[in-house]
Amino acid sequence: MLKNIYSLLGCIYCFSINIYGQVRFSLEDALRYIETTTEYKQLQYDSKYHELYYKIFDANLLPQIRLNASLPDYRKMISIVTQPDGKDAYVSRRYATTGVGLQIQQLLPFTGGTLTFSSNLNRLDNFNVGYKDHSYYFNLGNISYSQNLLGPNLYKWEKKKNEISKSTERVRYYQGIEAAKYKIVNAFFNLLIAQREYDLSQEQLELSRFIYEQAVSLFKFKRISKEDLLEAEIEFIKSKNNINDLDLKEARRLFQLCIGLHDDLTPIVYFDDKTIQACSLNYEMQNVINAAIEYNFKIPNKLEIMNHSIELKKLKQERGPILTLSLGSGYNSQFEAFSDILDEKASSMIASLSVDVPLFDGNIYKNRKKIAEVELMKLKEDIKHKIENAKIEYEKDLLDMNRILYGINLYDQTLALVQQQLDLVKLHAKHGKVDMQKVIKAKMEQMENFIAYNKLIRNFYLCVYKYRQLALIDIRTNEKLY
């Protein structure tokens, strides 16, 4: 069944390509090519990058296991050695050490401290005596805990930062998809306008050709003046000069690049104007504005504010007294043969409370703290200013949407009236009456209204997709996209 569906889709695609290699696209067809756009591909790379970054952060809660070893560390030196009679003497010594150790560290998220287990085996080879002598030292296991008692739990703050980063990247991902769609929509309507302007130029050329041919015929019978004939010829030449497909070729090429279409295929876009003429807007303006502010300013800048807050806490930790507690215990043994490894066990314990109090640093901390505070205040003020400006822009855009729809309908009516004018001009020319002033005026009005009409259609859809990106809301239906 699935194979039949794929076959049917393949046939439909093949039939959409004519013998000239032309492919017809509606707006919906073009938007289906989003996964071939460069923006979408880059978005997937970014998504993968952030996914790996979050995995790294989550891995901090897993035990960190390290195995270390040293090859024989041979040394020959003169050092002070205490003699049996209690005196110290400088003795030439030759020895080598070899060791292997295992260390497991575990971060405790609720305190920010570190729990460590370590075990190691060392061998000492002494070459000072007449024969090779060796001994072993084995640390059966040592468990210790280290904690800065007065400092902040930086893991807790980093976790908050990570959660904000996840929500920010999720919004950016969805906005990135809509940004890619916006680019497709823009390229689609640019090509549509270029196609329509070229077709209109062709139509006006045919009209000018017809008027000129009629003028030549009428002039032969002396039914129009030489001046009218010259005006008809000049207008015909102007119409021929207006035929320029460079803009069309450029728009077509940009559309191909946008959707990743093969160079051998020529895209032809089409759009049913009745779609927009029947369109109605159904959105709550304040909801759209609030969503756009939230997604583009508040959520992204939470991360910036959090970074500055963490930096301030780190500065306070550097300046304040550092009280570090270390507790640990374990068992050690010393032996010469592995069979004696557990014969002489000795318990070991460590308890350390260290205090580090900075007394004077030349006001370095004070100035660094002020810099961080000023940067944070500047950031908040900048965000506030941008939000106020954005609200004005968003409100203007959304209020303008109804005017755009109204303008589209007016231009549509105007174009219909101008077309009637041109039909009358053509009819009069058939009956031997050529009024070049009316012809020129009607052609200019047709071109001006036609360009304005199509640009308003493009602006309408660009605004729709702009707020699909900014607010993740389709203002045509007032529905949230994700």
Side-chain angles (χ1 to χ4, degrees), residues 24-31 178-204 242 244-248 250-252 254-255 258-259 267-285 288-289 292 390 392-422 441-471 473-479:
R24 289 173 56 81
F25 288 92
S26 66
L27 180 58
E28 291 72 21
D29 294 333
L31 289 171
E178 295 305 320
K181 290 181 180 179
Y182 178 94
K183 188 173 180 180
I184 293 175
V185 170
N186 189 39
F188 176 89
F189 281 103
N190 285 341
L191 178 54
L192 180 69
I193 291 173
Q195 284 179 186
R196 288 183 171 184
E197 288 182 358
Y198 183 78
D199 292 342
L200 181 62
S201 297
Q202 292 281 8
E203 291 176 12
Q204 292 196 343
N242 288 336
N244 185 351
D245 64 349
L246 292 179
D247 290 340
L248 176 59
E250 181 184 5
R252 186 169 288 153
L254 291 174
F255 182 76
C258 183
I259 66 172
I268 305 295
V269 299
Y270 63 94
F271 179 77
D272 185 1
D273 293 9
K274 294 179 182 178
T275 304
I276 193 168
Q277 291 167 6
C279 184
S280 62
L281 298 173
N282 182 31
Y283 63 88
E284 293 290 337
M285 185 171 68
V288 177
I289 292 175
I392 296 173
E393 176 192 345
Y394 300 159
E395 186 173 347
K396 178 180 178 298
D397 286 344
L398 296 171
L399 289 174
D400 205 36
M401 289 295 285
N402 286 311
R403 185 196 65 81
I404 290 175
L405 279 178
Y406 182 68
I408 289 171
N409 289 318
L410 284 183
Y411 277 118
D412 183 56
Q413 296 172 23
T414 305
L415 284 170
L417 294 174
V418 172
Q419 187 59 51
Q420 291 180 30
Q421 276 187 324
L422 290 170
K441 182 181 178 182
K443 285 176 63 179
M444 288 181 61
E445 286 183 353
Q446 184 186 39
M447 183 61 77
E448 289 174 0
N449 284 277
F450 184 81
I451 292 173
Y453 170 74
N454 284 287
K455 285 186 176 179
L456 279 181
I457 292 177
R458 179 183 62 186
N459 291 345
F460 175 84
Y461 276 92
L462 288 181
C463 194
V464 167
Y465 278 85
K466 175 182 178 179
Y467 285 92
R468 283 175 65 98
Q469 176 189 349
L470 293 177
I473 293 176
D474 193 322
I475 59 178
R476 293 169 295 185
T477 58
N478 200 38
E479 293 181 358

Keeping the roles fixed (side chain from D199, backbone from R196), state whether a donor-acceptor pair exists under 3.5 Å. no
So does Y270 have more than 12 non-hydrogen atoms from other groups sitting under 6.0 Å from OH? yes
Considering non-hydrogen atoms only, spot the tightest contact between L462 and Y182 and give its length. O-CE1, 3.2 Å
Find out whether Y467 and I473 are in side-chain contact, i.e. whether some heavy atom of one side chain is under 4.5 Å from a heavy atom of the other. no
Compare every heavy atom of V464 with every heavy atom of M401, then report the nearest pair and how far apart it is. CE-CG2, 3.9 Å
Minimum-distance pair of heavy atoms, taken over all atoms of A194 and D247: CB-O, 4.1 Å
Around atom CD of E284, are there more than 12 heavy atoms from other residues, nucleotides or ligands closer than 6.0 Å? no
Provide the closest heavy-atom pair for C463 versus I475 in the form atom of the first, atom of the second, distance. O-CD1, 4.5 Å
Is it true that a side-chain atom of N454 and a backbone atom of F450 form a donor plus acceptor pair closer than 3.5 Å? yes
Look at D272 together with K274 and state whether they make a salt bridge at an N to O cut-off of under 4.0 Å. no
Donor-acceptor pair, N449 side chain versus E445 backbone, under 3.5 Å? yes
Taking the side chain as every heavy atom from C-beta outward, state whether F25 and I268 have any atom pair closer than 4.5 Å. no
Spatial distance of atom CD (E178) from atom NZ (K466) [nearest 0.5 Å]: 15.0 Å
ring-ring contact (aromatic ring centres under 6.0 Å, His included) assessment of F271 paired with Y461: CA-CA 12 Å; F271 179 77; Y461 276 92; 5.6 Å; yes
Counting C-beta onward and ignoring hydrogens, is there a side-chain heavy-atom pair between N190 and F255 closer than 4.5 Å? no
